[in-house]
Amino acid sequence: MNPKAHLVVINSPLENQIISEMLNEYDCSGSDGRNWFWTSGYRQNYTRCSSPIVWQSNLRSNQAIGYTNWCPGEPDCGTQGQHCLTFTKNCDGDRNINGWQDDFCSNMCCPICEVLRFEQP
């Protein structure tokens with residue numbers, strides 16, 4: 001793996017759309033038939049569901065999430081244990097809408113990585 005690669009940070013609708021279109025080429029189906037992909041999003045405090053979800057990248061820790069694309073009803077923290085952010089294909093089940101969900105960090109998902117093409121000052 002490239003040492004400059006890290007789990008993706010999604011900062012805009014355009015980035016989200018590009019990733020969504022790319023993921024249509026991949027199958028990472030879980031037991032429920034949905035496709036789940038890891039991003040770098042996670043809850044800052046794993047013990048509190050009210051804790052904000054932030055981005056973690058090679059550049060910056062705890063970067064606030066500005067743009068969001070949550071699936072309907074998300075983030076919901078599930079049974080008080082969903083602390084990682086997944087990009088989900090067909091999150092609505094019927095209309096083929098891709099979006100984000102909070103999920104259990106122990107679940108098996110495919111990663112979405114990005115690589116820096118330039119050095120930060």
Task: Closest approach of F104 to G81 (non-hydrogen atoms, all atoms of both residues) - done: CD2-O, 3.2 Å
TODO: Tell me yes or no: between the side chains of T88 and Q101, is some donor less than 3.5 Å from an acceptor?
DONE: yes
Open item on the list: Does any part of the side chain of L85, heavy atoms only, come nearer than 4.5 Å to the side chain of F37, both counted from C-beta?
Closed with: no
Task: Minimum heavy-atom distance between Q56 and S40, given as atom pair plus value - done: O-CB, 2.7 Å
TODO: Go through the steps to decide whether N62 and Y42 satisfy the test side-chain hydrogen bond (donor to acceptor under 3.5 Å, both in side chains), and finish with yes or no.
DONE: CA-CA 9 Å; N62 301 328; Y42 71 100; 2.3 Å; yes
Open item on the list: Do N98 and S20 pair up side chain to side chain, a donor and an acceptor below 3.5 Å, judged on atom types alone?
Closed with: yes
Open item on the list: Looking at every heavy atom in both K89 and L23, which two are closest together, and how far apart are they?
Closed with: NZ-O, 2.8 Å
TODO: Compare all side-chain heavy atoms of I19 with those of V8 and state whether any distance is below 4.5 angstrom.
DONE: yes
Task: Flag, side chain of R43 to backbone of C84, donor-acceptor distance under 3.5 Å - done: no
- [ ] List the atom of C71, the atom of G99, and the distance in Å for their closest heavy-atom pair.
- [x] SG-C, 3.6 Å
Task: Distance-minimising heavy-atom pair for E114 and V9 - done: OE2-N, 3.1 Å
Open item on the list: Once rounded to the nearest 0.5 Å, what's the spacing between atom OG of S50 and atom CD of Q44?
Closed with: 11.0 Å
TODO: Indicate the atoms forming the closest heavy-atom contact of C49 with H83, along with that distance.
DONE: SG-CE1, 4.2 Å
TODO: Decide whether W36 and M22 are clustered together by the hydrophobic rule: side chain heavy atoms of Ile, Leu, Val, Met, Phe, Trp, Tyr closer than 4.5 Å, transitively.
DONE: no
Open item on the list: Please tell me whether W70 and Y67 are part of a single hydrophobic cluster in this structure, the criterion being side-chain heavy atoms less than 4.5 Å apart.
Closed with: yes
Open item on the list: Hydrophobic cluster membership, with links at side-chain heavy-atom distances under 4.5 Å among I/L/V/M/F/W/Y: are I18 and F87 in one?
Closed with: no
- [ ] Go through W55 and W100 one step at a time and tell me if the ring pair (Phe, Tyr, Trp, His ring centres under 6.0 Å) criterion holds.
- [x] CA-CA 13 Å; W55 297 117; W100 306 353; 5.6 Å; yes
- [ ] Enter the distance from T39:OG1 to H6:NE2 here, rounded to the nearest 0.5 Å.
- [x] 11.5 Å
Open item on the list: Taking the side chain as everything from C-beta on, heavy atoms only, tell me whether D102 gets closer than 4.5 Å to I53.
Closed with: yes
Open item on the list: Please check this pair: side chain of E15 against backbone of N11, looking for a donor-acceptor N/O pair closer than 3.5 Å.
Closed with: yes
